[in-house]
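This report refers to the structure that appears directly beneath it.
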Amino acid sequence: MQKASLQWRRSGKRVVLVPTMGALHEGHAALIRRAKQLGDRVVVSSYVNPTQFNQNKDYRRYPKRPSQDAKIAKAAGADVLFRPAQLYAPDASTWVVEMDQSKGRCGKHRPNHFRGVATVVTKLFGILQPDVAVFGEKDLQQCEVVERLARDLFLPIRVVRHPTVREKDGLAMSSRNLRLNPHQRELAGFWALSVRAAARKGAAGARAHLKKLLRRLKGVRLEYVEVTGGYLCAAAWVGPVRLIDNRKCGMK
Ligand code: AMP
């Protein structure tokens with residue numbers, strides 16, 4: 001993969017990377033289509049990164065749909081679906097730790113999650129040496145961490161954010177949504193509506209309003225809610241699935 005990518009770059013092609021953990025959906029497809037506009041060769045990586053999971057069960061149960069992934073990636077315009085078997089040598093001992101943007105929100109509730117993310121993204125950047133990498137705003141804190149690491153390490157890579165792609169009822173698309181039963185899926189829709197309604201209250205009132213709305217929504221267990229950088233950011237559990245979402249405050 002590295003040889004192919006360096007060859008493309010030497011021949012003047014712009015390489016764009018879209019890192020994913022597979023089980024691709026329309027949200028990923030939107031990122032791939034965007035990537036296509038930003039360069040000449042689009043590589044979609046699909047790797048379920050063990051070091052960013054907090055629970056072994058969540059890692060083992062992470063959905064895998066390789067043949068469907070190939071179809072979705074190709075239809076959206078990917079040139080390569082890169083599925084490395086392993087990105088960690090048995091004696092791998094190097095970590096990339098971002099120490100500011102990783103604090104709080106998901107970083108507080110998922111110890112070492114962003115260390116895993118920063119490390120695997122740096123490995124992928126090392127393999128592909130892309131001109132551009134596209135990340136989804138659904139994982140807003142991840143965007144912030146990756147932008148900071150690219151800046152701090154002087155990586156000549158443009159990090160592009162793509163807006164969150166949602167289902168009809170407003171739920172942010174996610175591979176983990178596949179694990180919701182019909183009742184939980186309905187609750188997840190109400191969760192998404194609550195986040196939107198709370199954000200509309202504006203930065204000052206959003207946090208309290210979301211807490212109030214979710215107290216009435218039995219079956220949705222709020223993990224955190226914070227307003228940061230003008231965004232309402234929150235995470236909650238519905239059954240076995242952890243949902244995250246963010247909305248710009250004050251938007252209609
Ligand atoms: P994942 O496979 O969930 O790790 O996601 C891979 C990339 O796709 C990340 O940059 C995510 O932020 C992005 N992504 C996942 N779901 C969505 C979505 N619903 N809308 C926009 N981007 C997304």
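Every value quoted in this text rests on a predicted model; they were computed, and no experiment measured them.
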What side-chain donor-acceptor pairs closer than 3.5 Å can you find for residues 206-219, not counting sequence neighbours?
from, atom 1, to, atom 2, distance (Å)
R207, NE, V225, O, 2.8
K218, NZ, R215, O, 3.1

Test: [X] and [Y] ion pair at under 4.0 Å:
{"X": "E98", "Y": "R115", "value": "no"}
{"X": "R83", "Y": "D69", "value": "no"}
{"X": "D245", "Y": "R166", "value": "yes"}
{"X": "R179", "Y": "D58", "value": "yes"}
{"X": "R247", "Y": "E137", "value": "no"}
{"X": "D100", "Y": "R148", "value": "yes"}

Keeping [X] on the side-chain end and [Y] on the backbone end, is there a donor-acceptor pair under 3.5 Å?
{"X": "Q68", "Y": "R65", "answer": "no"}
{"X": "N54", "Y": "P111", "answer": "yes"}
{"X": "Q86", "Y": "Y88", "answer": "yes"}
{"X": "R9", "Y": "Q129", "answer": "yes"}

If hydrophobic clusters are built by linking Ile, Leu, Val, Met, Phe, Trp and Tyr wherever their side-chain heavy atoms come under 4.5 Å apart, do L153 and L87 end up in the same one? yes
Considering the options R41, K74, K13, which one meets the side-chain contact (heavy atoms from CB on, under 4.5 Å) requirement together with D79? R41
Is there a ring-ring contact (aromatic ring centres under 6.0 Å, His included) between Y224 and H109 once you walk through the steps? CA-CA 8 Å; Y224 73 78; H109 293 272; 5.5 Å; yes
Above 12 or not: heavy atoms from other molecules or residues under 6.0 Å from CE of M99? no
Inspect the surroundings of NZ in K201 and state if more than 12 heavy atoms from other residues, nucleotides or ligands are less than 6.0 Å away. no
Below 30° counts as parallel, above 60° as perpendicular, anything between as tilted: where do the rings of F53 and Y62 land? perpendicular
Tell me, please, which residues at least two apart from R105 pass side chain to side chain donor-acceptor pair (under 3.5 Å). E144
Could you tell me which residues satisfy side chain to side chain donor-acceptor pair (under 3.5 Å) with D169, sequence neighbours excluded, listed by chain and number? R185
Chi angles and distances behind the salt bridge (charged side-chain N to carboxylate O under 4.0 Å, His left out) call for R33, E26: CA-CA 10 Å; R33 287 194 292 270; E26 187 46 39; 2.5 Å; yes
Please check if any side-chain donor atom of Y59 sits under 3.5 Å from a side-chain acceptor atom of N49, or the reverse. no
